[in-house]
Amino acid sequence: MDSSEVEAVFQSYGRVCTGEQFFVDFYDYFMSSSQTIKDQFRDTDMKQQRHLLRNGIMQLILYARGMPDTKLKQLGQSHSRHGYNISPEWYSLWLDALMQAVSKHDPEYDATLDAQWRRVLKPGIDLIRDAY
Ligand code: HEM
């Protein structure tokens, strides 16, 4: 992957992740994409979950930067059929909700940056999804 793309996404994440609202909006968008997804977080402490996701997205970016896949493999396990049982088809809704939140919070968002985000996160998301 082109390292300037990873850098652009890293910078964009730096602009959006500063406050809590990015993560609040992400879960609003994600949960309103389907009732089944909303149900997955029925018993979840969302404040804690937003904190964990902040790190999770960073892990996806670091993986694209060449970091080892140890953390993502753990997420693959926890999300698999042996864990939270997260159906592989839900990951595209996850990514769409994330891009909706980026578009709201990054003043530099445009179609190029959107495509860069999707390309940069894809290998990490595939790794988690394919552990199903
Ligand atoms: C928990 C990240 C996709 C549902 C977590 C945690 C992280 C995380 C860091 C907390 C650590 C853990 O429990 O292992 C991610 C990332 C995703 C992703 C980076 C995309 C690649 C999804 C999708 C769903 C989902 C598509 C579908 C609804 C959950 C649930 C939990 C969880 C239900 C546990 C909540 C609880 O503890 O009550 N995720 N996740 N995740 N995730 Fe994901």
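Counting starts at 1 for both ligands and their atoms, following the listed order. This chain uses plain numbering: 1 for the first residue, then up along the sequence. We use all heavy atoms of the structure for the numbers below, so side chains are in, but hydrogens, waters and symmetry mates are not.
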- Give the numbers and elements of all ligand 1 atoms closer than 4.0 Å to a heavy atom of I128. 21 (C)
- Mind checking whether R129 contacts ligand 1 via backbone (N, CA, C, O), side chain (CB onward), both or neither, at a 4.0 Å heavy-atom cut-off? neither
- Going from CG on D25 to NZ on K104, what distance comes out if it is rounded to the nearest 0.5 angstrom? 3.5 Å
- How far apart are the closest heavy atoms of I57 and F22, and which atoms are they? CD1-CE2, 4.4 Å
- Query: Near S78, which atoms of ligand 1 are under 4.0 Å from a heavy atom of that residue?
  - Reply: 12 (C), 14 (O)
- Item | Residue, atom name and distance, where the atom is the protein heavy atom closest to atom 13 (O) of ligand 1 | Y84 OH, 2.3 Å
- Message: Once you measure the plane-to-plane angle for Y91 and H79, does it fall in the parallel (<30°), tilted (30-60°) or perpendicular (>60°) bin?
- Response: tilted
- NZ or CZ of R65 within 45° of F10 ring axis and under 6.0 Å: yes
- Go through the steps for I125 and W94 under the test side-chain contact (heavy atoms from CB on, under 4.5 Å), then give the verdict. CA-CA 10 Å; I125 295 174; W94 186 96; 3.9 Å; yes
- Query: Do any N/O atoms on W90 end up under 3.5 angstrom from N/O atoms on ligand 1?
  - Reply: no
- Protein heavy atom at shortest distance from atom 28 (C) of ligand 1: Q40 CG, 3.6 Å
- Item | Proximity to ligand 1 by part of L121, non-hydrogen separation under 4.0 Å | neither
- Considering only heavy atoms from C-beta outward, does the side chain of I128 approach that of I86 to under 4.5 Å? no
- Is there a side-chain contact between L60 and K71, using heavy atoms and a 4.5 Å cut-off? no
- Item | Polar contact flag for D43 and ligand 1 (N/O pairs, less than 3.5 Å) | no
- Query: Does the pair V102 and F26 meet the rule for a side-chain contact (heavy atoms from CB on, under 4.5 Å), with working shown?
  - Reply: CA-CA 9 Å; V102 171; F26 164 75; over 6 Å; no
- Starting from the C-alpha separation in whole Å, work towards a yes-or-no answer on side-chain contact (heavy atoms from CB on, under 4.5 Å) for L62 and M58. CA-CA 6 Å; L62 291 175; M58 187 51 107; 4.1 Å; yes
- Message: If you take the nearest heavy atom of each of T44, I86, L95, N55, which one is closest to atom 23 (C) of ligand 1?
- Response: I86
- Message: Looking at D114 and R119, is any side-chain nitrogen of the basic one under 4.0 Å from a carboxylate oxygen of the acidic one?
- Response: no
- Item | Residues D39, Q35; criterion side-chain contact (heavy atoms from CB on, under 4.5 Å); working and verdict | CA-CA 6 Å; D39 292 344; Q35 182 60 43; 2.9 Å; yes
- Task: Starting from atom 10 (C) of ligand 1, find the nearest protein heavy-atom neighbour and note its residue, name and distance.
- Result: L52 CD1, 3.6 Å
- Task: Please write down residue, atom name and distance for the protein heavy atom closest to atom 18 (C) of ligand 1.
- Result: W94 NE1, 3.4 Å
- Message: Give me the residue, atom name and distance of the protein heavy atom closest to atom 6 (C) of ligand 1.
- Response: Q49 NE2, 4.0 Å
- If you have a sec, work out which protein heavy atom is nearest atom 30 (C) of ligand 1 and how many Å separate them, to one decimal? F41 CE2, 3.6 Å
- In ligand 1, which numbered atoms sit nearer than 4.0 Å to a non-hydrogen atom of I125? 21 (C)
- Query: atom 7 (C) of ligand 1: which protein heavy atom is closest, and how many Å away?
  - Reply: L75 CD2, 3.7 Å
- Task: Could you tell me which atoms of ligand 1, counted from 1 in the order shown, lie closer than 4.0 angstrom to a heavy atom of F30?
- Result: 23 (C), 24 (C), 26 (C), 27 (C), 28 (C)
- With backbone taken as N, CA, C and O and side chain as the heavy atoms from C-beta onward, which portion of H79 lies under 4.0 Å from ligand 1: side chain, backbone, both, or neither? side chain
